[in-house]
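The block underneath contains the structure these notes are about, expressed in structure tokens.
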Amino acid sequence: MAYNPLSEAEKIFILHGVQDDFRNDGRTRNDFRPMELQTNVIASASGSARFCIANSDILVGIKPEIDIPSPNKPNEGKIEFLVDCSANALLDFEGRGGEELASEITNCLKLTYSSPYAFDLKSLCILPKFQCWKLYVDILILQCAGNLYDAISLAVKCALYNLRIPRVTSALLDGGNVDLVLSDDPSDCDRINAESLPILMTVCKIGDYCIVDPSIDEENCSTSSAVVGVSGNKITTIKTISGGSFHADTLNNLIDLTITTAKYLNEKLLKSLKQEERQMESNKIQKCSFLN
Amino acid sequence: MANVKINLLINKPKYSAHIEESNSRIFTTGEVITEQKDFMRGHGTYLEDGFIKSSVVGVAKQINKLISVVPLKSKYVGEIGDVIVGRVTEISKKRWKIDTNSRLDSVLLISSINLPGGELRRRNAEDEQSMRKLLQEEDLLSAEVQNVYTDGSLSLHTRSLKYGKLSQGILISVSPSLIKRRKNHFHNLPCGISVIIGNNGYIWVAPIVNVEEQGGGFAQCLDPVSKGDRETIVRVKNCIQALSACYVMIYDTSIMYAYEESMKYDVKELLNQDTMYEVGFNAKQRILQLE
């Protein structure tokens with residue numbers, strides 16, 4: 001987590017603000033900061049997205065590759081995450097400074113996506129035991145203003161929504177050798193059902209209350225915080241970050257809060273993604289890079 | 001219910017900072033500023049082949065024969081008498097190290113503070129041992145630049161009742177080049193809160209406190225801030241961020257203009273980029289009308 005020093009008095013000011021349901025930027029405890037998204041930002045990736053929550057700016061690119069399924073899961077594909085904490089985002093990430101955070105986020109993503117409720121890995125299988133798709137999900141943190149887990153999970157979700165996997169027209173097994181024929185038409189491709197893909201939600205406990213979408217300052221003065229992976233109505237992961245512990249009752253309330261909030265967030269996200277897709281189709285906007 | 005707002009980047013309007021005065025031109029590094037020989041070279045410039053060239057990206061400024069380039073974005077370069085807001089990073093023998101948004105940490109010597117109780121006496125070993133009681137690591141304080149060392153690091157002092165440790169409030173960090181130099185950097189705004197506009201780009205927004213109370217400026221008040229005050233503080237914070245996003249110079253008048261422009265919105269609406277730019281540009285227009 002990004003370290004941003006705060007004096008005792010500043011922490012108390014934030015704490016009282018959370019109690020009053022009026023946070024340091026005017027939000028209530030359940031409010032998110034404005035978000036922005038854009039898909040298909042990297043021309044050379046099969047699926048990509050840029051997602052910002054206020055100044056937390058995440059870029060995700062996905063490339064599929066053909067791989068052999070693991071022997072114990074012969075009819076499942078693979079998905080691999082890689083998080084790169086750029087030193088441009090925060091000076092603390094310089095050198096090997098971001099590695100710990102990167103592996104923490106990677107593990108969390110791996111865990112949520114390994115749940116069968118969250119992501120159907122079977123859909124990535126081409127020929128059981130012999131061929132499957134492996135998705136390489138590369139995540140780059142361009143700017144960090146708190147709440148990285150949420151921003152990253154939403155960015156990954158957008159990129160997976162945008163992902164187009166070439167369609168396999170025929171797969172034949174010829175004496176141990178696999179003969180794959182991919183469609184020649186680049187617009188002929190498979191897509192992933194993004195509806196049930198999990199969303200990670202960070203909930204910080206400050207004083208007696210839980211807040212969503214914490215800023216860096218709020219992250220630093222919380223006693224404990226948890227990341228909950230939600231897919232539809234189901235919890236796929238739950239994990240505490242930055243030490244601290246929860247009372248059982250608090251945890252139950254927190255889970256209820258995340259499920260309702262994540263469901264709402266999911267609806268909004270899918271709506272925006274569909275709206276963007278419609279606009280792109282009608283305008284035929286050509287993008288060459290995310291910096292444009 | 002949660003409040004979620006997702007915008008599409010493809011629909012985002014493009015904002016750009018307009019430079020109104022036609023004569024202010026931005027020089028890039030290595031660009032010749034003048035070909036005439038009888039000028040003196042100031043900050044942000046260097047001499048090569050007899051020409052004065054810019055060493056930073058910025059706007060050229062001429063005072064008589066002296067040409068300097070003011071960088072668009074830079075770390076804070078201190079001058080004697082500047083008001084700064086800083087954060088203690090380290091305590092060492094006889095001094096505090098203070099982060100002031102400059103290249104090097106500044107120092108605050110124990111001999112350049114007013115000891116609690118307002119007594120003037122020699123500082124002894126006991127004072128040195130109890131330095132942490134006055135200012136801890138990560139505490140915020142306001143101070144004045146007393147001296148600039150040759151390496152550019154600053155020596156600070158708090159020898160006035162208006163300087164000292166800061167209590168509850170919000171710190172905002174903006175580019176130091178956006179701070180307008182004024183006679184007074186401590187303001188009690190008409191909306192009922194106080195701001196300290198540090199020359200170093202750190203701005204402190206806090207409820208009004210009575211400075212005459214005892215403690216030599218090191219006392220802290222940890223009582224809850226009233227909801228009304230808090231709302232005003234947060235609104236002012238969001239307004240300052242709007243001004244900074246629109247590259248408007250920040251001083252008491254511009255803050256008040258932005259505050260007045262923002263009144264038609266809810267505080268949290270000011271987080272949205274379009275509202276932010278609207279407030280910032282409206283405040284800018286009003287400042288231009290004034291001039």
Side-chain angles (χ1 to χ4, degrees), chain A residues 4-17 19-41 50-54 154 158 212-213 217 257 260-269 271-273 275-276 279-280 283 285 287 290 292, chain B residues 1-12 14 87-89 99 135-141 165-173 204-207 219-235 237-238 241 262 265-276:
Chain A
N4 202 22
L6 284 177
S7 75
E8 282 309 308
E10 281 174 283
K11 283 184 183 167
I12 284 169
F13 187 78
I14 293 176
L15 181 91
H16 289 317
Q19 270 171 14
D20 280 356
D21 208 6
F22 195 84
R23 295 206 249 161
N24 259 8
D25 40 14
R27 290 181 290 155
T28 62
R29 290 190 287 263
N30 289 347
D31 282 347
F32 280 81
R33 288 169 287 181
M35 305 178 205
E36 284 175 335
L37 75 84
Q38 186 177 1
T39 58
N40 206 9
V41 279
R50 182 177 168 211
F51 198 91
C52 318
I53 300 184
L154 290 166
C158 293
V212 298
D213 190 19
D217 289 348
L257 172 77
T260 46
T261 316
K263 209 170 155 187
Y264 182 64
L265 184 59
N266 195 22
E267 274 168 27
K268 280 267 190 182
L269 184 75
K271 216 169 111 190
S272 308
L273 283 168
Q275 192 199 337
E276 193 199 23
Q279 279 192 18
M280 291 297 257
N283 295 346
I285 302 170
K287 288 276 165 193
F290 72 98
N292 63 310
Chain B
M1 197 64 227
N3 193 340
V4 179
K5 191 168 192 263
I6 303 177
N7 298 319
L8 299 179
L9 277 166
I10 48 166
N11 295 340
K12 190 173 168 181
K14 294 219 165 19
R87 194 187 292 278
V88 179
T89 56
D99 161 41
L135 283 169
Q136 254 179 1
E137 282 99 340
E138 291 162 15
D139 276 348
L140 281 169
L141 76 157
K165 189 158 155 182
L166 300 173
S167 183
Q168 292 194 71
I170 303 181
L171 181 78
I172 307 150
S173 171
W204 180 249
V205 189
Q220 277 199 313
C221 167
L222 300 180
D223 302 333
V225 178
S226 74
K227 180 99 186 231
D229 273 356
R230 182 181 295 278
E231 227 174 283
T232 320
I233 290 172
V234 172
R235 185 181 286 275
K237 176 210 168 187
N238 286 353
Q241 276 172 342
S262 81
Y265 297 108
D266 226 18
V267 179
K268 66 183 172 196
E269 279 179 283
L270 295 174
L271 293 174
N272 296 332
Q273 214 149 30
D274 24 345
T275 342
M276 207 156 138

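Chain letters run A, B, ... following the sequence lines, proteins first, then strands; residues in each count from 1. Note that the structure is a prediction, hence the values are computed from the model and not measured.
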Contact origin within A/Arg23 toward chain B - heavy atom pairs under 4.5 Å: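 It is the backbone, since no side chain atom gets that close.
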
Residue A/Ile53 versus chain B: region with a heavy atom under 4.5 Å: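 Contact with chain B: none, neither part.
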
Euclidean distance, [Y] [atom2] relative to [X] [atom1], rounded to 0.5 Å:
X: A/Asp31; Y: B/Lys268; atom1: CG; atom2: NZ; value: 4.0 Å
X: A/Phe22; Y: B/Ile233; atom1: CZ; atom2: CD1; value: 10.0 Å
X: A/Leu6; Y: B/Glu138; atom1: CG; atom2: CD; value: 7.5 Å
X: B/Asp139; Y: A/Glu10; atom1: CG; atom2: CD; value: 9.0 Å

Proximal component of [X], with respect to chain A [non-hydrogen, under 4.5 Å]:
X: B/Leu270; answer: neither
X: B/Arg87; answer: side chain
X: B/Gln241; answer: neither

B/Ile6 backbone acceptor or donor facing A/Lys268 side chain under 3.5 Å: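 Not a single qualifying donor-acceptor pair exists.
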
Any donor-acceptor pair under 3.5 Å from B/Arg235 side chain to A/Gly26 backbone: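 No, B/Arg235 side chain to A/Gly26 backbone: no donor-acceptor pair under 3.5 Å.
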
Pick from [options]: which one has the most heavy-atom pairs with chain B under 4.5 Å?
options: A/Lys271, A/Gln19, A/Gln275, A/Glu8; result: A/Gln275
options: A/Leu154, A/Asn24, A/Val212, A/Asp217; result: A/Asn24
options: A/Arg27, A/Arg29, A/Glu276, A/His16; result: A/His16

Heavy-atom check, side chain of A/Leu37 versus side chain of B/Leu8, under 4.5 Å: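 Yes - at least one pair of side-chain heavy atoms lies under 4.5 Å apart.
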
Among the listed options B/Gln136, B/Gln168, B/Lys237, the residue most often paired with chain A at heavy-atom distances under 4.5 Å: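 Greatest number of close heavy-atom pairs with chain A: B/Gln168.
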
Nearest heavy atoms of B/Asn272 and A/Pro34, plus distance in Å: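 So the minimum-distance heavy-atom pair works out to OD1-CG, 3.3 Å.
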
B/Leu140 versus A/Ser7, closest heavy-atom pair with distance: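 Closest heavy-atom pair between B/Leu140 and A/Ser7: N-CB, 4.2 Å.
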
